[in-house]
Student: 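If you scroll down you'll find the structure; I have some questions about it.
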There are 2 protein chains.
Amino acid sequence: MLDDLDKKLLDILIRDSRTSLKELAQQVGLSSPSVSERLRRLEDRGVIRAFTVEIDPQALGYTLQAIVRIRPLPGKLHIVQKLIEEIPEFGECDKVTGDDCFVARLFVRSIGDLDKLLDRIADKAETSTAIIKAQPIRRRPPPLDMPNI
Amino acid sequence: MLDDLDKKLLDILIRDSRTSLKELAQQVGLSSPSVSERLRRLEDRGVIRAFTVEIDPQALGYTLQAIVRIRPLPGKLHIVQKLIEEIPEFGECDKVTGDDCFVARLFVRSIGDLDKLLDRIADKAETSTAIIKAQPIRRRPPPLDMPNI
DNA sequence: AGCTTTTTGTCCAGGTCGTCCAGCATTTTA
DNA sequence: TAAAATGCTGGACGACCTGGACAAAAAGCT
């Protein structure tokens, strides 16, 4: 499992993944080779899936986001899933229990694009679309230490 | 807007945000001070929101994820939103058009925890919960270059 | 077009940072 | 209790980053 030092490192990296080893080292009270080794192990174990960058979709022209619930028609599940995966505007897709088989996030530049993209699966699935008006919580990792539930 | 070099830099950083300036520089054919300057500008402009790290929720003990649709009772919208924001297990929350006011992602350690967390808002909102069975597409940024729609 | 201003780039030098390695302490296994 | 394995440190060396002076290109103005 993860010890306190690992959690402290993750906590710093969540806020800035470009923090130098030296900086990390002094913040957790280790030498930089130790920190380097710990990061390597966290990556090897799959705890750290990737060091990445969060980009503002607006800066890329994606002014609209939608949550799309997708219910494939009988026998079309696999075709629909493949279709979704191949459309790069889908920024996230979960397969869930219940009537709606998939819940996905769609980035688009305009309502027109939204319509065109949904048309591609319209003959293979029923969809319900909700436009995102605001984001009270933007993507964030689960708590590092056990919260009181 | 973003030129080709910016996009190339972002593309590399999406895959590994700890890539050194030197490495970035030779991949895009600039000097490292130039790359450093470009990154600074991208951050200033808000194109880059954060350099961060993607963590496997399982490694933190969160073995279960759910998509929760939340419909606050009349007059309770603001209290509900505040409540959601204060619960750290919500890893994402969007305010959307339609009957469901919020669509949120919940990280939990067990079905028991899921029940306890939803109980906290049960008297202020109606909720429908779908357990995530698989993730065909994990969170990814929108395409950097215009796709043909 | 010709000039000025602004933006974006390079090069270089000094200082910082990361990695490798040997050695030590602590814990685990036999 | 000894042996092995793990995880740490410090220092040396090489790689990397930063800041400043200057050059080139792009944009704006007359």
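Below, read A as the first sequence line, B as the second, and so on, with proteins coming before strands; counting in each chain starts at 1.
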Student: In whole angstroms, how far is the P atom of C:dC11 from the NZ atom of B:Lys22?
Tutor: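 Taking NZ of B:Lys22 and P of C:dC11, I get 14 Å after rounding.
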
Student: With a 4.5 Å cut-off on side-chain heavy atoms, are A:Asp6 and A:Val47 touching?
Tutor: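 Not in contact.
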
Student: In whole angstroms, how far is the P atom of C:dT19 from the CG atom of A:Leu24?
Tutor: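 Value for this atom pair: 12 Å.
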
Student: If you count heavy atoms of other groups shown closer than 6.0 angstrom to NZ of A:Lys124, is the number above 12?
Tutor: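 Atom NZ in A:Lys124 is crowded, with more than 12 foreign heavy atoms closer than 6.0 Å.
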
Student: Does any non-hydrogen side-chain atom of A:Gln27 lie less than 4.5 Å from one of A:Thr19?
Tutor: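 No, their side chains stay 4.5 Å or more apart.
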
Student: Check the surroundings of atom CG in A:Asp4: do more than 12 heavy atoms from other residues, nucleotides or ligands lie under 6.0 Å from it?
Tutor: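 Open: at most 12 neighbouring heavy atoms sit under 6.0 Å from CG of A:Asp4.
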
Student: Estimate the overall bend of the helix from C:dA1-D:dT30 to C:dA30-D:dT1 from the end axes over five pairs each, rounded to 10 degrees.
Tutor: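 Angle reported: 50°, given to the nearest ten degrees.
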
Student: Heavy atoms only: give me the nearest A:Phe90-A:Ile84 pair and the separation to one decimal.
Tutor: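 In this case the closest contact between A:Phe90 and A:Ile84 is CD1-O, 3.5 Å.
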
Student: Whole angstrom is fine here: how far is it from CD in A:Glu37 over to C1' in C:dG18?
Tutor: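 So the two atoms are 14 Å apart, to the nearest Å.
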
Student: Whole angstroms only, please: what is the CD-C1' distance between A:Gln26 and C:dG18?
Tutor: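 Result: 14 Å.
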
Student: Just the rounded figure in Å: distance from P of C:dT7 to CG of B:Asp3.
Tutor: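 The answer, rounded to whole Å, is 15 Å.
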
Student: Applying the side-chain contact (heavy atoms from CB on, under 4.5 Å) criterion to B:Pro72, which one of B:Val80, B:Asp100, B:Ile79 satisfies it?
Tutor: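 Among the candidates, only B:Val80 passes.
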
Student: Give a yes/no on whether any side-chain N or O of A:Ser36 is located under 4.0 angstrom from OP1 or OP2 of C:dT19.
Tutor: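 A:Ser36 to C:dT19 OP1/OP2: side-chain N or O found under 4.0 Å.
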
Student: Taking for each residue the nucleotide of DNA chain D bearing the nearest heavy atom, is the 5' side occupied by B:Glu23 or by A:Ser34?
Tutor: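 Comparing both residues, the 5'-ward one is A:Ser34.
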
Student: Would A:Arg138 and A:Asp56 count as a salt bridge (charged side-chain N to carboxylate O under 4.0 Å, His left out) here? Give the steps.
Tutor: CA-CA 11 Å; A:Arg138 278 220 302 267; A:Asp56 179 7; over 6 Å; no

Student: Within the structure shown, what part of the strands sits under 4.0 Å from A:Ser32 by heavy-atom distance: base, sugar-phosphate, or nothing?
Tutor: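 Answer is base: heavy atoms of A:Ser32 come under 4.0 Å of a base.
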
Student: In whole angstroms, how far is the P atom of C:dT26 from the CG atom of A:Leu30?
Tutor: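 Value for this atom pair: 16 Å.
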
Student: What do you reckon, is CE of A:Met1 surrounded by more than 12 foreign heavy atoms closer than 6.0 Å?
Tutor: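 Above 12, so yes.
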
Student: Taking 5' to 3' order, which nucleotide of DNA chain D is first and which is last to have an atom within less than 4.0 Å of a heavy atom in chain B?
Tutor: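 First and last nucleotides in contact are D:dC16 to D:dG19.
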
Student: Are any of the side-chain heavy atoms of B:Ile55 and A:Leu13 separated by less than 4.5 Å?
Tutor: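 Side-chain contact under 4.5 Å: no.
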
Student: Below the 4.0 Å mark, does C:dG9 have OP1 or OP2 next to a side-chain nitrogen or oxygen of B:Arg41?
Tutor: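 Answer yes for this pair, as a side-chain N or O of B:Arg41 is under 4.0 Å from OP1 or OP2.
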
